[in-house]
Amino acid sequence: MNQHQLSIEARFRPEILERILRVIRHRGFQICSMNMATMANAENINIEMTVASQRPVDLLSTQLTKLLDVACVHIQQQTTQQIRA
């Protein structure tokens with residue numbers, strides 16, 4: 001399973017985190033870790049997360065960018081993790 005680190009900058013709205021999580025789930029990705037912080041101007045948030053899937057991360061990034069309050073999505077790193085049965 002491939003893991004990808006994403007950095008998402010978005011406008012701070014009560015519903016934005018729910019929308020982001022819904023897109024991640026619908027696109028077949030699993031969240032491994034997540035950290036959210038308010039940026040200096042308190043109008044924007046930065047979400048750092050690691051997601052895992054066999055699917056291409058570009059598809060997820062494209063869909064997240066389409067969300068109204070998402071300013072940008074950066075794919076920071078990709079790693080491969082072996083799942084043992």
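In what follows, every heavy atom counts, from backbone to side chain, and hydrogens, waters and symmetry copies are set aside. The chain is numbered in sequence order, starting from 1.
Nearest heavy atoms, C72 versus H74: SG-NE2, 3.7 Å. The two residues F29 and V57 come nearest to each other via the heavy atoms CZ-CA, 3.9 Å. Contact detail for C32 and Q3: the closest heavy-atom pair is SG-NE2, 3.6 Å. Smallest separation of non-hydrogen atoms from M1 and S53: CG-N, 3.6 Å. Heavy atoms only, all atoms of each residue included: S7 and N46 are closest at OG-OD1, 3.3 Å.
Between R11 and I16 the shortest side-chain heavy-atom distance does not fall below 4.5 Å. Counting heavy atoms from C-beta on, the side chains of D69 and E15 come closer than 4.5 Å. Between L60 and H4 there is no side-chain heavy-atom pair separated by less than 4.5 Å. At a threshold of 4.5 Å between non-hydrogen side-chain atoms, the residues I75 and L6 count as touching.
Cluster membership for L21 and I47, using ILVMFWY side-chain heavy atoms within less than 4.5 angstrom, is shared. Under the 4.5 Å side-chain contact rule for hydrophobic residues, V23 and I31 share a cluster.
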When you look at H26 and Q63, which way does the side-chain contact (heavy atoms from CB on, under 4.5 Å) test go after all the steps? CA-CA 10 Å; H26 284 176; Q63 293 303 312; over 6 Å; no
Any chance you could lay out the side-chain contact (heavy atoms from CB on, under 4.5 Å) test for R27 and V51, step after step, and finish with the verdict? CA-CA 11 Å; R27 294 293 165 203; V51 296; over 6 Å; no
Is there a side-chain contact (heavy atoms from CB on, under 4.5 Å) between M49 and I24 once you walk through the steps? CA-CA 11 Å; M49 65 173 53; I24 291 169; 3.3 Å; yes
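Under the side-chain contact (heavy atoms from CB on, under 4.5 Å) test applied with M34, the options T50, L17, I20 reduce to a single match, L17.
How far CE of M36 is from CD1 of I45: 5.0 Å, rounded to the nearest 0.5 Å.
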